[in-house]
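Data block below; observations after.
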Amino acid sequence: SFTATITDADGDVDADTHTITITDGANPQDAATQSVTLDEDDLPDGSSTNVPALTQVATLAFTAGSDTLGSFVFTGIGGLDTDANDGTAGGTIVWVMSPGDREIKGYVNGDAMTGQLAITLTLGGATSIDPNLAGNVTVTVTLADNFANIFADNLQTSFDLGSVTVQGSDGDDTVTGVVNVTVIDDVPSVEIAPAVADDTPATDTVAENGANLSGAITLVEGADQDATLVISGTGFADMSFTLNGAADVTLVRTVMNGPDELGVLSVTVNAGGAASWTFNPSLDVAGEPSLSFTATITDADGDVDADT
């Protein structure tokens, strides 16, 4: 407000005051909620590696009001899941936000000093938006490691990591935008190849005292390592392998049918993850018996695949 005061030569005075009220202009507008999904099978040790797909970008479209909109930051880590497997040991996720509140990192198997970096969320895009204009703020999400969930459903199940909130301010008002983050679980697979490729891929035939049969066992461990492989069947003890890449391992079993020895089954898993089977039939067997064996792979999450 301001006042006008008049004083004449006699010293008489009159005054009047006028007040001007300045109202706030248009308010800025929040951004619509966005979602990003990443897939563990895209990891370098996943079942379907696709490194470019490990980075996804969510775009938050804000609109400034009558004032310049800026100061975009993450509001915190409270909306993010800190346990990938509902309380079971080993599933803790440790979240760390940078001092400038523009980057969030998630660690598994320990904290920022002792664990592995699993995921990073980085704020980018517009740092300020001029009055009455629209602008895009981005959240870039990069997956670097798998999470220790316990779905064990043999499916590529989605794990909801929660959400982050981005906040901006024009000095008078604040705006927010939310980004939901989901990670799809990877699953293993196993396939036993026959010794003879024909129209009966699940079976082979060999004469007693015939030549050895051999074939490949195709293993896809997936991102949730270290998986286990078990070869089981009737007439022999299970063979169990840990797929940790430590060394080549061969296990051998004599296959029995009651008192009758059908032959020797051996399975090799090498350090690189390739596997094979060999069956050496006995010299003489009674009748025309059959045997079968099943390969079962179980990843660190408990997901299972099998082939016979």
Side-chain angles (χ1 to χ4, degrees), residues 35-58 80-96 104-112 114-122 140-162 179-192 216-230 240-247 249 269-275 295-307:
S35 298
V36 295
T37 299
L38 301 105
D39 199 328
E40 288 182 355
D41 70 8
D42 293 323
L43 288 164
D45 56 4
S47 61
S48 181
T49 301
N50 182 5
V51 173
L54 292 172
T55 297
Q56 301 292 325
V57 180
L80 294 166
D81 197 330
T82 58
D83 194 338
N85 59 12
D86 299 327
T88 302
T92 301
I93 307 171
V94 177
W95 297 100
V96 178
I104 296 173
K105 293 184 175 183
Y107 297 86
V108 294
N109 304 318
D111 56 21
T114 63
Q116 288 86 48
L117 176 64
I119 196 166
T120 303
L121 294 85
T122 305
T140 300
V141 187
T142 301
L143 184 67
D145 207 343
N146 60 292
F147 292 94
N149 59 65
I150 54 167
F151 293 132
D153 54 7
N154 314 327
L155 301 172
Q156 289 192 298
T157 305
S158 294
F159 169 43
D160 181 6
L161 266 180
V179 176
N180 300 312
V181 182
T182 299
V183 176
I184 300 174
D185 186 29
D186 198 8
V187 294
S189 65
V190 59
E191 183 177 0
I192 302 171
I217 302 175
T218 301
L219 302 173
V220 178
E221 189 176 5
D224 301 304
Q225 302 178 3
D226 298 323
T228 59
L229 173 69
V230 175
S240 184
F241 304 84
T242 298
L243 306 181
N244 56 13
V249 178
V269 178
N270 68 32
T296 303
I297 188 171
T298 305
D299 72 8
D301 288 346
D303 296 310
V304 177
D305 190 40
D307 191 29

Can you list the residues that meet the side chain to side chain donor-acceptor pair (under 3.5 Å) rule with [X], with sequence neighbours excluded?
X	value
Ser35	Asn180
Asn146	Asp224
Thr218	none

First locate atom [atom1] of [X], then atom [atom2] of [Y], and finally report the distance between them rounded to the nearest 0.5 Å.
X	Y	atom1	atom2	value
Phe241	Leu219	CZ	CG	9.5 Å
Leu229	Thr296	CG	OG1	8.0 Å
Tyr107	Thr114	OH	OG1	10.5 Å
Leu117	Asn109	CG	CG	12.0 Å
Ser189	Asp299	OG	CG	10.5 Å

With distance as the sole test, does [X] use its side chain to make a donor-acceptor pair with the main-chain N or O of [Y] at under 3.5 Å?
X	Y	answer
Thr49	Leu43	yes
Gln56	Leu38	no
Glu40	Phe147	yes
Asp305	Val190	yes
Asp186	Ala223	yes

Can a donor-acceptor pair be found between the side chains of Thr242 and Asp226 at a distance below 3.5 Å?
no
Residue from Leu54, Val141, Leu80 passing side chain to side chain contact (heavy atoms under 4.5 Å, CB included) with Ile119
Val141
Side chain to side chain contact (heavy atoms under 4.5 Å, CB included) partner of Asp39, chosen from Ile184, Asp185, Thr182, Leu143
Ile184
Atom of [X], atom of [Y] and distance for their closest heavy-atom approach:
X	Y	result
Asp42	Ala53	OD2-CB, 3.5 Å
Val36	Val57	CG1-C, 4.1 Å
Glu221	Pro188	O-CB, 3.6 Å
Asp81	Trp95	O-NE1, 2.7 Å
Val179	Ala58	CG1-CB, 3.8 Å
Thr122	Thr120	OG1-CG2, 3.6 Å

